[in-house]
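Throughout, a chain's letter reflects where its sequence line sits, starting with A, and its residues are numbered from 1.
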2 protein chains.
Amino acid sequence: MNSYCTATYRCYDENADFGKKAAGIAVGLTVGSWTDLPEAKKASMQPYLGQVVDVAESRNELGERYADIRIAYPDVNFSRDIPALLVTVFGKLSMDGRIKLMDLHFSDPFLSAFSGPKFGMEGVRSLLGVHDRPLLMSIFKSVIGHDLPALREQFYKQALGGVDLIKDDEILFENPLTPLEKRVKVCMEAAKQAEETTGQKLLYAVNLTGPTSKLAEQAVKAVSLGANALLFNVLSYGFDTLRELSAHPDITVPIAAHPALAGAYYPSPYHGISASVLLGKLMRLAGADLVLFPSPYGSVVMPKEENMAIRHALLTDQPRDYLHSSGNDGEPHAGRLTLAKSFPVPSAGIHPGLVPLILRDFGQEVVVNAGGGVHGHPMGTEAGGRAFRQAIQAALSGVPLRDYASEHEELHAAIEAWGVRE
Amino acid sequence: MNSYCTATYRCYDENADFGKKAAGIAVGLTVGSWTDLPEAKKASMQPYLGQVVDVAESRNELGERYADIRIAYPDVNFSRDIPALLVTVFGKLSMDGRIKLMDLHFSDPFLSAFSGPKFGMEGVRSLLGVHDRPLLMSIFKSVIGHDLPALREQFYKQALGGVDLIKDDEILFENPLTPLEKRVKVCMEAAKQAEETTGQKLLYAVNLTGPTSKLAEQAVKAVSLGANALLFNVLSYGFDTLRELSAHPDITVPIAAHPALAGAYYPSPYHGISASVLLGKLMRLAGADLVLFPSPYGSVVMPKEENMAIRHALLTDQPRDYLHSSGNDGEPHAGRLTLAKSFPVPSAGIHPGLVPLILRDFGQEVVVNAGGGVHGHPMGTEAGGRAFRQAIQAALSGVPLRDYASEHEELHAAIEAWGVRE
């Protein structure tokens with residue numbers, strides 16, 4: 001019984017015979033040659049042969065000619081890991097002209113090798129005891145060159161504002177001023193102290209860095225020191241490293257995937273890997289409990305439809321296989337394999353005035369994430385967090401922000417500073 | 001005493017104030033804020049502040065406005081590893097509009113954390129006992145769906161043709177037909193058998209695949225089974241994994257870095273990471289003994305100047321720091337830190353008629369690498385290897401290929417099939 005993972009490419013070429021191009025990919029990236037094989041050999045090689053599923057030709061808004069080409073790759077050809085899949089479907093091909101990897105579809109047998117997010121969206125909610133509203137995350141304002149007391153103070157002020165998660169800056173590495181060992185201790189103390197005031201739990205995602213082979217050990221150390229979440233720059237280490245960390249039995253906290261370096265892959269229409277594959281499907285497959293990505297609202301802009309495609313990849317299950325088994329089928333399939341959902345965290349340039357927009361696009365299945373929108377609040381960091389919580393409450397209640405702000409001074413001040421987009 | 005690694009970006013924007021943009025990067029990716037700091041705080045934060053080294057504005061051939069911006073990042077801000085450097089200089093920034101990472105310069109302190117290629121070009125030559133000519137590498141024709149005897153036969157024919165290295169296909173993963181354990185044994189036997197005829201040593205680069213944390217173990221196993229080289233899909237695992245493998249004391253064979261997935265990064269002028277950084281500087285820094293990359297001659301085309309930039313990065317030493325120490329300088333510097341050279345392997349679409357061109361561009365510091373140009377030879381695989389060796393001999397002797405071919409039938413047949421570009 002054959003099973004296949006499929007890859008969809010967008011391939012630009014003014015003159016190519018796209019059908020021929022597709023056939024060339026299906027053969028070239030699997031058995032290598034086909035038409036010149038003897039018939040008997042073809043029979044034995046058939047299970048290893050890639051299949052052209054679809055070729056759809058079109059032109060973009062600039063009049064450039066392209067085709068969306070979908071190829072099915074037999075699972076027998078590669079081991080059940082992300083490096084093998086990516087090298088198979090886009091290793092050599094990535095360098096072959098104007099071609100972008102737009103989508104991936106994982107077969108059930110391939111999927112079965114992955115356990116996905118250990119906590120996922122629901123698990124993160126359970127840890128925090130918050131099930132009825134979007135979560136709120138904040139980012140340190142600046143960390144490099146600051147000592148432990150300064151870091152603690154920043155942390156404490158954020159925590160007092162009522163945020164659910166605080167993440168390290170992704171550019172904070174091991175350093176003499178705030179090494180992980182001391183940072184976790186100090187920040188978790190500040191979290192506890194704030195909890196006495198807010199009555200609210202908080203996750204601190206500490207940045208996991210260093211040599212690849214020491215990451216698991218470092219993560220376990222962080223957990224043993226009290227860290228209750230991790231931040232990880234996935235793309236600088238590879239998806240398989242995230243998968244291993246996520247599957248590690250002693251790493252008993254959620255992992256938030258940072259999109260650092262993602263812009264090296266997704267923005268070009270002609271090259272690279274689409275955002276929904278890179279920051280959506282592969283992050284979830286590899287086990288990210290939360291995934292940060294550039295929002296369409298703020299300073300680092302990603303088009304809205306790409307954001308929604310990421311959201312879809314993180315939250316919904318993929319459709320059934322494009323190519324079914326060629327064996328004795330007709331049997332109803334067993335229950336679809338699914339992975340836990342990854343929490344979407346659209347980031348960058350977020351202020352309280354954007355919250356209704358975020359909730360319209362993401363519903364409650366979102367973490368509102370802000371840095372400048374918290375620390376830059378006219379009344380300070382703590383008020384910044386409160387303004388966001390107020391904005392979330394208003395949006396959930398269907399009350400226009402400006403109305404709600406008339407009785408909430410923090411939200412009022414935020415709107416004065418940054419406005420509202422509803 | 002401060003030291004800095006520098007990054008050069010090409011940033012496209014029709015209207016931007018590039019000087020302001022550069023200053024924003026230098027502050028934003030280091031201390032976070034600057035102008036609003038009190039003077040006393042500025043003094044203490046100065047060592048952590050990024051520096052704008054250069055901003056050079058221009059327009060490309062399409063009339064688009066861009067600037068090459070060079071920023072120096074204090075080494076104190078990041079740990080001495082490639083993930084930390086990349087996340088610092090291009091993590092968030094990669095997603096910030098039309099910006100491409102064009103170049104990196106490593107400070108001496110940063111470089112000092114890397115041992116570089118364990119063998120390098122000279123080490124590979126010594127293993128083979130060949131110092132007076134370019135090397136010749138060949139690739140299996142097709143591997144997927146083939147059993148061990150078929151693989152052995154392909155290997156043996158390539159070896160008989162006089163190639164110096166044979167590499168696995170990068171899409172050959174663990175599989176029931178030709179698992180690494182059996183593949184290494186069978187191929188190394190074939191190599192030994194061929195050596196009895198050719199009198200020539202041969203390196204077999206076996207593809208290192210599987211879960212990240214098992215790669216070192218798998219490599220050591222391959223070596224213990226007799227493998228005398230490894231092939232590694234670096235970009236699917238991350239540069240730091242290559243560094244760890246290269247530095248591993250029990251992995252006592254050269255590592256050839258495959259460029260699979262590189263096309264997701266380098267081809268766009270507006271986004272990604274340049275080929276010379278990706279396949280040049282970082283591969284060498286991480287310890288690749290040989291680096292494959294798309295040649296400018298054949299089917300998967302990379303512009304000539306990018307190829308030459310990769311060559312330069314693999315073979316020559318970087319200039320001294322752009323920003324020197326701010327301490328009590330004036331002392332002559334100690335000997336420059338250098339890494340062993342990585343052997344350049346321009347690949348794809350190579351046939352014997354291209355050899356003079358390759359040697360003109362790369363001199364003897366090159367591995368001529370062919371797949372179809374060996375196996376597709378009209379007289380067969382073995383003759384294919386011989387034709388390449390003859391072409392190399394002709395080019396080294398300064399004899400035009402067509403003249404040399406008049407007395408060498410394999411080269412003659414190759415030229416009949418594919419022509420000559422001199």
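A donor-acceptor distance shorter than 3.5 angstrom exists from the side chain of A:D240 to the backbone of B:T212, with no hydrogens or angles considered.
Among A:G272, A:S142, A:P83, A:G238, the residue making the largest number of heavy-atom pairs under 4.5 Å with chain B is A:P83. Ranked by non-hydrogen atom pairs under 4.5 Å with chain B, the options A:E174, A:R80, A:M45 are led by A:M45. Comparing A:V143, A:N77, A:L86 by how many heavy-atom pairs each has under 4.5 Å with chain B, the most go to A:N77. Between chain B and the residues A:G32, A:S79, A:P176, A:A216, the largest count of heavy-atom pairs under 4.5 Å involves A:S79.
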For B:L261 and A:K92, run side-chain contact (heavy atoms from CB on, under 4.5 Å): C-alpha distance rounded to whole Å, both residues' side-chain angles, the deciding distance at 0.1 Å, then the answer.
CA-CA 7 Å; B:L261 297 173; A:K92 206 177 291 181; over 6 Å; no

Please walk me through it: do B:M95 and A:Y266 pass side-chain contact (heavy atoms from CB on, under 4.5 Å)?
CA-CA 9 Å; B:M95 296 177 275; A:Y266 71 73; 3.5 Å; yes

* To do: Please assess A:S236 against B:V87 for the test side-chain contact (heavy atoms from CB on, under 4.5 Å), listing each intermediate value before the final yes or no.
  => CA-CA 7 Å; A:S236 64; B:V87 167; 3.8 Å; yes

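Inspection of non-hydrogen atoms places A:R243, A:E244 of residues 242-250 of chain A under 4.5 Å from chain B.
Heavy atoms closer than 4.5 Å to chain A are found in both the backbone and the side chain of B:F78. Heavy atoms closer than 4.5 Å to chain B are found nowhere in A:P74, neither backbone nor side chain. With a threshold of 4.5 angstrom between heavy atoms, A:F90 approaches chain B through its backbone and through its side chain.
Every residue two or more places apart in sequence or in another chain that forms a ring-ring contact (aromatic ring centres under 6.0 Å, His included) with B:Y265 is listed here: A:Y265.
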